[in-house]
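Accompanying notes for the structure given below.
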Amino acid sequence: MSKMLVKDFNLGYTLLCGQMFRVSRAGEWFTVAARDHIFKVSQSSEYLEFEGVDKRFIVNYFALDEPYAAILEEIGRDGHVRSAVKKYYGMRIVRQDPWECLISFLCSSAANIPKIKLNIEMLSKSFGRSIALDGLEGYAFPRPGGLNHYGKIVQAKTGFRAKYLHAANELVSEAFLESLRRLPYPDAKKALKQIPGVGDKIADCVLLFSLGFTGAFPIDTWIRKILRGLYFENQEISDRELLDFSQKHFGRYAGYAQQFLYMLAREAM
DNA sequence: CCGCAGGCCCCAC
DNA sequence: GTGGGGCCTGCG
């Protein structure tokens, strides 16, 4: 068991923000599976307790090395974002594993969170090696190339998305995903959209939630709804226009603005 | 039982 | 270049 002091961090908001699909909660403790790690974590005031990974992993995973105050100052120029930040202060954007993130969001098309969680859990069980922590059962997520059995992908109840997962497994390597980090945002996005089943939304999710592109702004049905309500009431506006507006309006940390607005949208459901 | 969901692809226009 | 139907499957 390790313990560390954390500032400007709220574990609950960060883990329950709806972008991670292998998180479970038991009272104060969260169990998180990420790539080939499984760990437990809890927060009491400004201390984080954790087990199963080291401090370096925690800092990177929860993006605790980001200039949080500067980010909030920049996105807080917008009044709606500012009030969302007040409510959900300490929420961070986790750095997921790019491959697991890509597969998760490929599963998200026309789905819902419980279904995505089911898909990812079944894929992990079917293709991943067993890893355990304190007798907790867990499975690593398979590496690129590891989803090598179409029938088993279908058995994971992935439906029409199975063909996308299978193709991604053929096309994508660890090196390809890592190389995207060094590209300008438009080029990295274009490269991701070459993968069948990946459009604007999924590409932006992978860029924001796993590859460190803090300016990426995924537009899903929740964000669409809240942007229209807050900024374009009674106006016809396309996703293309919403995306252009958001990136200009919120700037290089637009992704953080997105995530805070997303929290507002979800609470109003 | 039945409509629908955190989206993409394809095909009209 | 833009809009709308179809898609697997589980959830509500």
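Below, read A as the first sequence line, B as the second, and so on, with proteins coming before strands; counting in each chain starts at 1.
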Q | Main-chain N/O of Met91(A) paired with Gln259(A) side-chain donor or acceptor, under 3.5 Å | A | no

Q. Within a radius of less than 6.0 Å around CD of Glu236(A), do more than 12 heavy atoms belonging to other residues, nucleotides or ligands occur?
A. no

(Q) Please convert DNA chain B into dot-bracket. A pair counts if it is Watson-Crick or G-U wobble with both distances under 3.5 Å; crossing pairs go in [ ] and bases paired with another strand get |. (A) .||||.|||||||

Q. In whole Å, what is the span from the CG atom of Asp239(A) to the P atom of dG7(B)?
A. 9 Å

Q: Please report, rounded to the nearest Å, how far the P atom of dT2(C) is from the CG atom of Leu243(A).
A: 13 Å

Q) Expressed in angstrom and rounded to an integer, what is the separation of Ile223(A) atom CD1 from dA5(B) atom P? A) 17 Å

Q. Quick one: do Arg182(A) and Asp187(A) make a salt bridge, cutoff under 4.0 Å?
A. no

Q. Taking for each residue the nucleotide of DNA chain B with the nearest heavy atom, is it Phe21(A) or Pro196(A) whose nucleotide lies nearer the 5' end?
A. Phe21(A)

(Q) Measure CZ/Arg224(A) against C1'/dG3(C) and give the value in whole Å, please. (A) 13 Å

Q. Is the His80(A)-Tyr231(A) ring centre distance short of 6.0 angstrom?
A. yes

Q.
How many whole angstroms separate atom CG of Leu102(A) from atom C1' of dC8(B)?
A. 14 Å

Q. Less than 4.5 Å apart, any side-chain heavy atom of Pro218(A) and any of Gln258(A)?
A. yes

Q) Any chance the side chains of Glu267(A) and Tyr88(A) put a donor and an acceptor closer than 3.5 Å? A) yes

Q: Would you kindly check if the NZ (Lys) or CZ (Arg) of Lys201(A) is within the cone defined by 45 degrees around the ring axis of Phe105(A) and under 6.0 Å from the six-membered ring centre?
A: no

Q: Using a 4.0 Å cut-off on protein heavy atoms (strictly under), produce a 5'-to-3' string for nucleotides 6-12 of chain C with B for base contact, S for backbone-only sugar-phosphate contact, and - for none.
A: -BBBSS-

Q) Whole Å only: how far is the CZ atom of Phe105(A) from the P atom of dC8(B)? A) 12 Å

Q: Could you check how far CG of Asp200(A) sits from P of dC8(B), rounded to whole Å?
A: 7 Å

Q.
Please report the distance separating the P of dC11(B) from the corresponding atom of dC8(C), rounded so that it comes out in whole Å.
A. 15 Å

Q.
Side chains of Tyr150(A) and Asn169(A): any donor to acceptor distance under 3.5 Å?
A. no

Q: Mind checking Leu106(A) for me? I need base, sugar-phosphate or nothing, with any heavy atom below 4.0 Å counting as a touch.
A: nothing

Q | Length of the CD1-P vector between Ile116(A) and dG7(B), whole Å | A | 9 Å

Q: Measure from NZ or CZ of Arg92(A) to the centre of the six-membered ring of Tyr68(A), then state whether that distance is under 6.0 Å and the direction lies within 45° of the axis.
A: yes

